[in-house]
Amino acid sequence: MLNKFLRHIAQTSDAPMGLEVSHAEGPFIYTTDEKRFVDFISGIAVSSLGHRHPKVVEAIHEQVDKHLHVMVYGEFVQQPQVDFAELLTSNLPEQLEQVYLVNSGTEATEGALKLAKKYTGRSKLIGFKNSYHGDTHGSLSVTGRDVYRDPYLPLLPNVHFLDFNSTQNLDFVDEQTAAVIMEPIQGEGGIIPAKKEWLKKIRQRCDEVGALLIFDEIQSGFGRTGTLFALHGYEVVPDILCMAKAMGGGMPIGGFVSSKEIFQSFKYDPPLNHVTTFGGHPVSAAAAYANLKELLSGNYIERALEIENKVRSTLQGKGIVEVRGKGAMLGLELESWELTKNVVAACFDEGILLGWTLHSKTLVRLAPPLIIEEDLLDEVLEAILKAVKKFA
Ligand code: PMP
């Protein structure tokens, strides 16, 4: 099957991991040659409740038996969408009261940028160096890494990149600015949390000049950082909040949330100025509703903090430069690319899936499912320690 995969599936890398997946359950992925892997990256921050959580699977089955796609977005009343939207917004700050449902993270970014431009009537956008917001043209335009942008220039004009966690150049955010877009915890940039005071200054500056603040919580959302969204931990409320990844419990869905007043601008001049055929697909929405209900009713979100404490107390100072991040969105900064590669490879040989982030070559990404039990967590951390010792 690997040959056919290499032959017929368009490749984006010279070295795909190439696991031949048979099935997946809880924290494990099983391969066709009957190996078991601990998924310690959760399909990159997706399966936070583990693979095939029974509540999610049940909701999918139920919805499949009722209806699949019936109409383009926003025309028909579809219960899974409404249920999810109500539960989500009732757990967010008051002004984040409506959600526009899409299919993916990058579509959430695209929608948020368009919404900010339409609402403010401005076009200037501010992003941050080393950010990542998705791979479609609008998202790439605000992604702060030249090697990924350069092959696709020209991108959106009037986009400016500031240093993350720096108050220098905040006057770039001015009366022409439609939005400042940022990840409160940079994911692909190397798991870098924003400083709380800095985030507050950004919020303040946006308010001063009437620019909207967009949080991309596509990676940090749904309990991963120890609060439902990272914004809850920071106590800073954006005007638009983007989400995806863990939202559907393994099904494709994304969304951007804002106020009713801001969303009004999608209704007029012209009407229907942001539509999607499949956004908020009923099966994905049913999965998202079941996933969110479960996430809020169990102790998963607190578990993210326990995971952080365990990882820090086990690994910090043991040949690792730094343990960074929040909750179960963590990174291990190592001394070199060589070491990072070797540690990831050694763990892979032990049946543990780790990875790195797009913009950093010296960081091991840890994003375990929040359902991981203590014994398994210990096992993985021990394997990491052993590998670091061996190759340091
Ligand atoms: N924003 C962030 C912060 C992300 O981590 C990602 C995915 N890595 C995206 C946007 C894009 O999401 P998607 O791959 O679903 O388009």
Side-chain angles (χ1 to χ4, degrees), residues 12 16-17 19 21-31 37-57 59-60 84 88 101-109 132-135 139 183 185-188 191 216-230 241-256 278-281 283-296 298 300-301 303-304 307 325-331 352-358 364-372 376 380:
T12 54
M17 290 166 100
L19 280 191
V21 178
S22 152
H23 58 288
E25 198 77 51
F28 301 116
I29 295 175
Y30 300 86
T31 58
F37 284 86
V38 181
D39 186 0
F40 215 69
I41 44 179
S42 301
I44 315 293
V46 170
S47 42
S48 290
L49 299 186
H51 293 280
R52 295 185 74 253
H53 191 284
K55 293 270 173 61
V56 174
V57 171
I60 291 170
F84 172 76
L88 174 73
L101 297 168
V102 292
N103 303 283
S104 66
T106 198
E107 284 172 79
T109 309
Y132 182 84
H133 299 292
D135 273 345
S139 303
E183 302 151 87
I185 301 177
Q186 284 193 330
E188 300 310 319
I191 317 291
D216 174 347
E217 293 228 38
I218 289 164
Q219 196 166 141
S220 58
F222 294 97
R224 180 141 296 279
T225 69
T227 47
L228 182 57
F229 285 88
L241 171 66
C242 299
M243 57 193 65
K245 282 190 178 281
M247 179 171 169
M251 291 292 281
I253 188 165
F256 52 109
F278 284 125
H281 189 280
V283 178
S284 293
Y289 180 49
N291 183 68
L292 183 57
K293 257 195 304 192
E294 183 62 20
L295 183 71
L296 293 169
Y300 305 101
I301 299 179
R303 181 75 186 129
I307 291 170
K326 277 199 175 160
M329 181 176 176
L330 296 168
I352 297 163
L353 292 178
L354 304 173
W356 36 85
T357 62
L358 210 51
V364 178
R365 181 207 300 274
L366 310 182
L370 310 180
I371 48 130
I372 195 162
L376 189 59
V380 170

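Everything quoted here is computed from the prediction, not taken from an experiment. Numbering starts at 1 and runs along the sequence shown.
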Value rounded to 0.5 Å, distance of [atom1] in [X] from [atom2] in [Y]:
X    : Y    : atom1 : atom2 : answer
S42  : R365 : OG    : CZ    : 10.5 Å
D39  : L354 : CG    : CG    : 10.0 Å
D135 : L358 : CG    : CG    : 7.5 Å
H23  : I29  : NE2   : CD1   : 11.0 Å
M243 : S220 : CE    : OG    : 9.5 Å
L366 : I41  : CG    : CD1   : 10.0 Å

- Task: Could you walk me through whether I191 and M329 pass side chain to side chain contact (heavy atoms under 4.5 Å, CB included), step by step?
- Result: CA-CA 7 Å; I191 317 291; M329 181 176 176; 4.2 Å; yes
Is there a donor-acceptor pair under 3.5 Å between the side chain of [X] and the backbone N or O of [Y]?
X    : Y    : answer
S284 : P252 : yes
Q219 : A45  : no
R224 : I301 : no
T109 : H133 : yes
N291 : L295 : no

Return the minimal non-hydrogen interatomic distance between [X] and [Y], and the atom names on each side.
X    : Y    : answer
I60  : A287 : CG1-CB, 3.9 Å
F256 : A108 : CD2-O, 3.8 Å
I352 : F40  : CG2-CB, 4.3 Å
G280 : A285 : O-CB, 4.0 Å
H51  : F28  : CD2-O, 3.8 Å
A304 : L370 : CB-CD2, 3.9 Å

- Could you tell me whether K245 and E217 have a side-chain N and a carboxylate O separated by less than 4.0 Å? no
- Query: Are F222 and F229 close enough that their ring centres sit under 6.0 Å apart?
  - Reply: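 Between F222 and F229, the centre distance is under 6.0 Å.
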Side chains of [X] and [Y]: does their closest heavy-atom pair fall under 4.5 Å?
X    : Y    : result
L101 : F84  : yes
K55  : K293 : no
R303 : I372 : yes

- Message: Quick one, M247 with L88, criterion side chain to side chain contact (heavy atoms under 4.5 Å, CB included). Give me CA distance, side-chain angles, the key distance, then yes/no.
- Response: CA-CA 10 Å; M247 179 171 169; L88 174 73; 5.6 Å; no
- Item | Distance-only side-chain donor-acceptor flag, Y30 / E25, under 3.5 Å |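 No, because no side-chain N or O of Y30 sits under 3.5 Å from a partner of the opposite role on E25.
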